[in-house]
Novice: 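Could you have a look at this structure, given as structure tokens, before my questions?
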Amino acid sequence: MLRLERLRADHADALLAFERENREYFARSIPDRGDAYFAEFAARHRALLDEQDAGVCHFHVVLDGDGELTGRVNLVDVEAGAAELGYRIGERAAGRGTATAAVREVCRLAATAYRLSALTAITTLDNGASQTVLLRNGFTAAEDISIGGRPGVRYRRRLAATH
């Protein structure tokens, strides 16, 4: 069982520990955040909360049944009823359906709580696990792109209006 919590100031320590623990794991499939990300984490975390308060992003941590932070799932660049989905699931939770469930839940929140009508997401062609998560959650390939010089795909999903 997992749950999403909207990002808060008190998530900072657990989130930083999660990012440090999974840095090498993430770097295998997506560009590394770089040393500055970790050195300036506190300021970056405050900036994310400011963006969230302004309504331009919706950040979430993914917690497992024991309340341990196992990932993050975010909706960024909210504009005109659409946003871009991004997510990271830690190595210890990989391959257990966590990403699929977290994306499913954020899609539900996007339609209901945030009243969005469409989402996009990108992934590299060599990240088959991410492609599978997106396809299982109703995303369809929309266009070929380049991500940090690597071939990738942009996916789209329309969200059902709920009232």
Side-chain angles (χ1 to χ4, degrees), residues 2-27 29-64 66-94 98-124 127 130 133-134 137 139 142 145-148 152 154-163:
L2 69 80
R3 73 179 189 279
L4 299 187
E5 287 186 1
R6 194 160 167 87
L7 187 66
R8 301 184 311 255
D10 65 327
H11 288 130
D13 290 343
L15 190 55
L16 178 57
F18 166 81
E19 290 289 349
R20 282 185 174 143
E21 177 184 329
N22 289 285
R23 184 176 184 181
E24 288 181 27
Y25 172 69
F26 292 144
S29 59
I30 56 178
D32 184 63
R33 293 188 184 274
D35 292 339
Y37 174 85
F38 297 94
E40 301 163 3
F41 185 83
R44 172 97 175 111
H45 190 73
R46 283 190 301 276
L48 293 178
L49 293 172
D50 290 344
E51 286 182 75
Q52 184 167 262
D53 289 345
V56 296
C57 297
H58 303 288
F59 302 108
H60 307 86
V61 293
V62 180
L63 304 173
D64 67 13
D66 297 325
E68 295 294 316
L69 197 149
T70 60
R72 55 193 312 178
V73 59
N74 304 315
L75 301 171
V76 300
D77 299 332
V78 175
E79 187 177 347
E84 184 171 320
L85 166 71
Y87 55 92
R88 293 174 164 237
I89 302 300
E91 187 170 20
R92 285 189 278 144
T98 303
T100 298
V103 168
R104 181 181 314 116
E105 178 61 10
V106 86
C107 287
R108 185 191 69 73
L109 286 171
T112 59
Y114 308 135
R115 300 195 177 278
L116 299 177
S117 58
L119 297 176
T120 60
I122 61 172
T123 188
T124 56
N127 191 342
S130 187
V133 166
L134 294 171
N137 277 288
F139 285 79
I145 60 170
S146 178
I147 304 168
R154 180 179 317 279
Y155 289 84
R156 288 195 171 86
R157 177 182 169 179
R158 286 250 169 255
L159 300 172
T162 57
H163 301 284

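Numbering starts at 1 and runs along the sequence shown.
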Novice: From the options Phe41, Phe26, Phe38, select the one residue that forms a ring-ring contact (aromatic ring centres under 6.0 Å, His included) with Phe18.
Specialist: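 Of all the options given, the one that passes is Phe26.
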
Novice: Heavy-atom distance under 4.5 Å between the side chains of Arg156 and Arg154, does that happen here?
Specialist: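 Counting from C-beta outward, Arg156 and Arg154 do come under 4.5 Å.
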
Novice: Just checking Arg158: does its CZ atom have more than 12 heavy atoms from other residues, nucleotides or ligands closer to it than 6.0 angstrom?
Specialist: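 Not buried by this count: 12 neighbours or fewer within 6.0 Å.
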
Novice: Contact between Cys57 and Leu48 at the side-chain level, heavy atoms closer than 4.5 Å - yes or no?
Specialist: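 Counting from C-beta outward, Cys57 and Leu48 never come under 4.5 Å.
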
Novice: Could you report the tightest heavy-atom contact between Leu4 and Val106, atom names first, then the distance?
Specialist: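 Shortest heavy-atom separation between Leu4 and Val106 comes out as CD1-N, 3.8 Å.
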
Novice: When rounded to the nearest 0.5 angstrom, what distance separates CG in Asn74 from CG in Leu85?
Specialist: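 Reported value, rounded in 0.5 Å steps: 8.5 Å.
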
Novice: Under the side-chain hydrogen bond (donor to acceptor under 3.5 Å, both in side chains) definition, can you give me all pairs with a residue in residues 77-93, not counting sequence neighbours?
Specialist: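 For residues 77-93, and leaving out neighbouring residues, the side-chain hydrogen bond (donor to acceptor under 3.5 Å, both in side chains) pairs sorted by first residue read Glu19-Arg88, Glu21-Arg92, Tyr87-Ser130.
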
Novice: So, taking the atom named CG in Leu15 and the one named CG in Leu69, what distance separates them when rounded to the nearest 0.5 Å?
Specialist: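 Rounded to the nearest 0.5 Å, the CG-CG separation comes out at 6.0 Å.
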
Novice: Could you report the tightest heavy-atom contact between Tyr25 and Ala94, atom names first, then the distance?
Specialist: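 Shortest heavy-atom separation between Tyr25 and Ala94 comes out as OH-CB, 3.1 Å.
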
Novice: For Thr98, run the side-chain contact (heavy atoms from CB on, under 4.5 Å) check against Val73, Val103, Val62 and tell me which one passes.
Specialist: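 Option passing the side-chain contact (heavy atoms from CB on, under 4.5 Å) with Thr98: Val62.
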
Novice: Mind checking the OG1-CG spacing from Thr70 to Leu63? Nearest 0.5 Å is all I need.
Specialist: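 Here the rounded value is 7.0 Å.
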
Novice: Do any N or O atoms from the side chain of His45 and from the backbone of Ala42 form a donor-acceptor pair under 3.5 angstrom?
Specialist: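 No.
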
Novice: Under 4.5 Å between any side-chain heavy atoms of Phe139 and Thr120, yes or no?
Specialist: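 No - every pair of side-chain heavy atoms lies 4.5 Å or more apart.
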
Novice: Answer yes or no: does atom CZ of Arg157 have more than 12 heavy-atom neighbours from other residues, nucleotides or ligands under 6.0 Å?
Specialist: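 Counting neighbours around CZ of Arg157, more than 12 heavy atoms of other residues, nucleotides or ligands fall under 6.0 Å, so yes.
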
Novice: Work out which heavy atom in Ala160 is nearest to a heavy atom in Ala111; give both atom names and the distance.
Specialist: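 Of all heavy-atom pairs spanning Ala160 and Ala111, the closest is O-CB, 3.6 Å.
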
Novice: Under the side-chain hydrogen bond (donor to acceptor under 3.5 Å, both in side chains) definition, can you give me all pairs with a residue in residues 49-64, not counting sequence neighbours?
Specialist: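 side-chain hydrogen bond (donor to acceptor under 3.5 Å, both in side chains) check on residues 49-64 returns Arg6-His58, His60-Tyr114.
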
Novice: Picking from Ile89, Val133, Leu134, what satisfies side-chain contact (heavy atoms from CB on, under 4.5 Å) with Thr100?
Specialist: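 With Thr100 as partner, Ile89, Val133, Leu134 yield a single side-chain contact (heavy atoms from CB on, under 4.5 Å), made by Val133.
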
Novice: To check you understand the geometry: which heavy-atom pair defines the closest contact between Gly34 and Arg23, and what is its length?
Specialist: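 So the minimum-distance heavy-atom pair works out to C-NH2, 3.3 Å.
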
Novice: Do you know which two heavy atoms are closest between Val78 and Gly55, and how far apart they sit?
Specialist: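 Nearest heavy atoms, Val78 then Gly55: CB-O, 3.8 Å.
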
Novice: Sequence neighbours left out, what passes salt bridge (Lys or Arg N to Asp or Glu O under 4.0 Å) with Arg20? Give chain and number order.
Specialist: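 Result, salt bridge (Lys or Arg N to Asp or Glu O under 4.0 Å) vs Arg20: none returned.
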
Novice: In Å and rounded to the nearest 0.5 Å, what is the CD to CG distance from Glu40 to Asp35?
Specialist: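 Rounded to the nearest 0.5 Å, the CD-CG separation comes out at 10.5 Å.
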
Novice: Quick check for you: to the nearest 0.5 Å, what is the distance between Tyr155 atom OH and Ile145 atom CD1?
Specialist: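 One finds 10.0 Å between OH of Tyr155 and CD1 of Ile145.
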
Novice: Closest approach of Ala83 and Leu75, non-hydrogen atoms and distance?
Specialist: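 Of all heavy-atom pairs spanning Ala83 and Leu75, the closest is CB-CB, 4.1 Å.
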
Novice: Nearest 0.5 Å please: distance from the CG atom of Leu49 over to the CZ atom of Arg8.
Specialist: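 Those atoms lie 10.5 Å apart.
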
